[in-house]
Peer 1: 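The structure is given below, and queries will be raised subsequently.
On a predicted model such as this, the values are computed, not experimentally measured, just so you know.
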Amino acid sequence: MTTPTRTSPPVGPLEAVGSTLSLASRNITKLRKSPGAILDVTLQPLLMLFMFTLLFSGAIGGGDRDAYLQQLVPGLMVFSPLYVTIGTGVALCTDISKGFFDRLRSLPIARSAPLAGIVIGDVARYLVSVTVVLAVGTLMGFRVHTNPVAVLASVGLMITFGLCICWMAILVGILLDSPAAVPGVLIGAVMPLSFGSNVFAAADSMPGWVQVWVNINPVTLMTDVNRALLLGEGQVMGPLLGGLVWMAGFVAVFFPLSMRAYRRRLGR
């Protein structure tokens, strides 16, 4: 005889919010207690900062390292949450494969709470990643030419960008059975977004057919926003509206797909 699947009982909105925040605090605690988790969210962007500034600025930036650093740091603040999402997918897949989500099935929590808890808990990871890039870039010579309000707006937008993009990583983390396979799949999606942008090189230095993608790439749009906020160069509203459309699109597509895949995999 088949054993009925255990499911969590219905819960109200307040209980759903409480369970989501409790699961989010688990992720924040892991980040606070694990030095390796800090390296996970900062190492890749810092490597890119050092490598492109010290090794490639002469070729890409025309020999003016300081001017290139001014353009690079705002772009890497967009790049960093994009790569942090790879860790989100790996951590989610690991939790599922180890049975952590199975233990949540009979608890009185909302169906969306485990996934929403992961996303909210990632705010701390995005904050650490973005602020470390900005801080180290400042030590290397980067200078903000606007004001503290613009800096706070920049950091907030970068975190929001990461929170929207991460639903792609969550879907991959749910669909794959092996955590080791997650980075390979996500890097295949992240590379065209990050390197097919104006973070590292100006769009007009690329072939015409590449420029078409670069100019509409959400990473390019958010980099333009960030440069305007931190350097006072260019417009904010035009690229911001385009970036917001992309962010809404990522959530509209990957959130329902993630919830559907989550229910199917865990039998909820």
Peer 1: Donor-acceptor pair, distance only, cut-off 3.5 Å: does the side chain of W167 make one with the backbone of S258?
Peer 2: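 Looks like no, no N/O pair under 3.5 Å.
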Peer 1: Other hydrophobic cluster members with M206, side-chain heavy atoms of Ile/Leu/Val/Met/Phe/Trp/Tyr under 4.5 Å, chained?
Peer 2: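 Taking Ile, Leu, Val, Met, Phe, Trp and Tyr as members, M206 shares its hydrophobic cluster with W209, V210, V214.
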Peer 1: Can you give me the closest heavy-atom contact between P183 and I86, atom names plus distance?
Peer 2: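 Answer, listing the atom of P183 first, then I86: CA-CG2, 4.0 Å.
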Peer 1: Any side-chain to backbone donor/acceptor pair from T220 onto N198? Under 3.5 Å, distance only.
Peer 2: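 Confirmed, T220 side chain pairs with N198 backbone.
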Peer 1: Mind checking side-chain hydrogen bond (donor to acceptor under 3.5 Å, both in side chains) for N217 and listing every partner two or more places apart, or none if nothing turns up?
Peer 2: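 Not a single residue meets the side-chain hydrogen bond (donor to acceptor under 3.5 Å, both in side chains) criterion with N217.
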Peer 1: Quick one: sort the F250 and W246 rings into parallel, tilted or perpendicular, breaks at 30° and 60°.
Peer 2: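 Taking W246 first and then F250, their aromatic rings sit tilted (interplane angle of 30° to 60°).
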Peer 1: Would you say L43 ends up clustered with V73 if hydrophobic residues are merged whenever their side chains have heavy atoms under 4.5 Å apart, either directly or through other cluster members?
Peer 2: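 Cluster IDs for V73 and L43 differ.
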Peer 1: Does the T146 side chain pair with the main chain of L229, one donor and one acceptor, at a distance under 3.5 Å?
Peer 2: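 A pair under 3.5 Å: yes.
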Peer 1: Atom CG of L193 and atom OH of Y83: how far apart are they, to the nearest 0.5 Å?
Peer 2: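 Here the interatomic distance stands at 9.5 Å.
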Peer 1: State yes or no: do L47 and L186 share one hydrophobic cluster built from I, L, V, M, F, W and Y residues joined by side-chain heavy-atom distances below 4.5 Å, directly or via other members?
Peer 2: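 No, separate clusters.
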Peer 1: With side chain to side chain contact (heavy atoms under 4.5 Å, CB included) as the test, pick out the partner of M222 among I165, L157, T160.
Peer 2: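 For M222, the side chain to side chain contact (heavy atoms under 4.5 Å, CB included) test succeeds with only one of I165, L157, T160, which is L157.
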Peer 1: Between S154 and A150 (side chain of the first, backbone of the second, donor and acceptor by atom type, cut-off under 3.5 Å), is there such a pair?
Peer 2: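 No: the side chain of S154 does not pair with the backbone of A150.
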Peer 1: Please step through side-chain contact (heavy atoms from CB on, under 4.5 Å) for the pair V219 and F161, ending with a clear verdict.
Peer 2: CA-CA 9 Å; V219 175; F161 179 67; 4.2 Å; yes
Peer 1: Quick one: does S205's side chain have a donor or acceptor within less than 3.5 Å of a partner on A201's backbone?
Peer 2: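 Not confirmed, S205 side chain does not pair with A201 backbone.
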Peer 1: Go through it in stages, so that I can follow the logic: the residues are L134 and V151, the test is side-chain contact (heavy atoms from CB on, under 4.5 Å), and I'd like the CA-CA distance, side-chain angles, deciding distance and then a yes or no.
Peer 2: CA-CA 10 Å; L134 181 58; V151 174; 4.0 Å; yes
Peer 1: Any idea which heavy atoms bring G137 and L69 closest together, and the distance?
Peer 2: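 Closest approach of G137 to L69: O-CD2, 4.0 Å.
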Peer 1: V119 vs C166, test: side-chain contact (heavy atoms from CB on, under 4.5 Å). Steps then yes/no.
Peer 2: CA-CA 7 Å; V119 173; C166 76; 3.9 Å; yes
Peer 1: Between Q70 (side chain only) and R143 (backbone N and O only), is there a donor and an acceptor less than 3.5 Å apart?
Peer 2: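 Such a contact is found between Q70 side chain and R143 backbone.
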Peer 1: To the closest 0.5 Å, what do you measure between CG (L49) and CZ (F79)?
Peer 2: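 Here the rounded value is 10.5 Å.
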Peer 1: Check A169 against T85 and note the closest heavy-atom contact, atom names and distance.
Peer 2: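 Nearest heavy atoms, A169 then T85: CB-O, 3.1 Å.
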Peer 1: To the closest 0.5 Å, what do you measure between SG (C93) and CG (D177)?
Peer 2: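 Result: 7.0 Å between the selected atoms.
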Peer 1: Looking only at non-hydrogen atoms, find the nearest pair between V130 and M158 and report the distance.
Peer 2: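 In terms of heavy atoms, the two residues are closest at CG2-CB, 3.9 Å.
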Peer 1: Give a yes or no answer on whether the side chain of S129 reaches the backbone of R125 with a donor-acceptor pair at less than 3.5 Å.
Peer 2: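 Side chain of S129 to backbone of R125: no pair is present.
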Peer 1: Examine L152 and V236 and state if one hydrophobic cluster contains both, with Ile, Leu, Val, Met, Phe, Trp and Tyr joined whenever side-chain heavy atoms are less than 4.5 Å apart.
Peer 2: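 Cluster IDs for L152 and V236 differ.
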Peer 1: Pairing donors with acceptors under 3.5 angstrom, does anything connect the side chains of E233 and Q71?
Peer 2: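 Yes, side-chain donor-acceptor contact under 3.5 Å.
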Peer 1: Check P192 against W213 and note the closest heavy-atom contact, atom names and distance.
Peer 2: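 Closest heavy-atom pair between P192 and W213: O-NE1, 3.1 Å.
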Peer 1: How many angstroms lie between atom CG of N215 and atom OG of S197, to the nearest 0.5 angstrom?
Peer 2: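 The OG atom of S197 is 11.0 Å from CG of N215, to the nearest 0.5 Å.
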Peer 1: I want to check something: taking the side chain as every heavy atom from C-beta on, are F142 and V144 in contact at a cut-off of under 4.5 Å?
Peer 2: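 Heavy-atom side-chain distance check passes, below 4.5 Å.
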Peer 1: Are V133 and L139 in one and the same hydrophobic cluster, where Ile, Leu, Val, Met, Phe, Trp and Tyr link if side-chain heavy atoms are under 4.5 Å apart?
Peer 2: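 As far as the 4.5 Å side-chain criterion goes, L139 and V133 are not connected within one cluster.
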Peer 1: Look at the side-chain heavy atoms of Ile, Leu, Val, Met, Phe, Trp and Tyr, link any pair under 4.5 Å apart, and say whether M191 and L76 land in one connected group.
Peer 2: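 Same hydrophobic cluster.
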Peer 1: Mind telling me whether F195 and F200 have parallel, tilted or perpendicular rings, with 30° and 60° as the class edges?
Peer 2: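 Taking F195 first and then F200, their aromatic rings lie parallel (interplane angle under 30°).
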Peer 1: Rounded to the nearest 0.5 Å, what separates atom CD1 in I170 from atom OG1 in T88?
Peer 2: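 Result: 7.0 Å between the selected atoms.
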Peer 1: Is a side-chain donor or acceptor of Y126 paired with a backbone partner of G162 at a separation under 3.5 angstrom?
Peer 2: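 Looks like yes, one N/O pair under 3.5 Å.
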Peer 1: Rounded to the nearest 0.5 Å, what's the gap from CG on L176 to CD1 on I96? Could you check?
Peer 2: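 Going from CG on L176 over to CD1 on I96, the span is 10.0 Å.
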Peer 1: Kindly determine whether F255 and V253 satisfy side-chain contact (heavy atoms from CB on, under 4.5 Å), including the steps that lead there.
Peer 2: CA-CA 6 Å; F255 174 76; V253 171; over 6 Å; no
Peer 1: Can you name the closest pair of heavy atoms from P256 and V251 and give their distance?
Peer 2: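 Heavy-atom minimum between the residues: CD-O, 3.5 Å.
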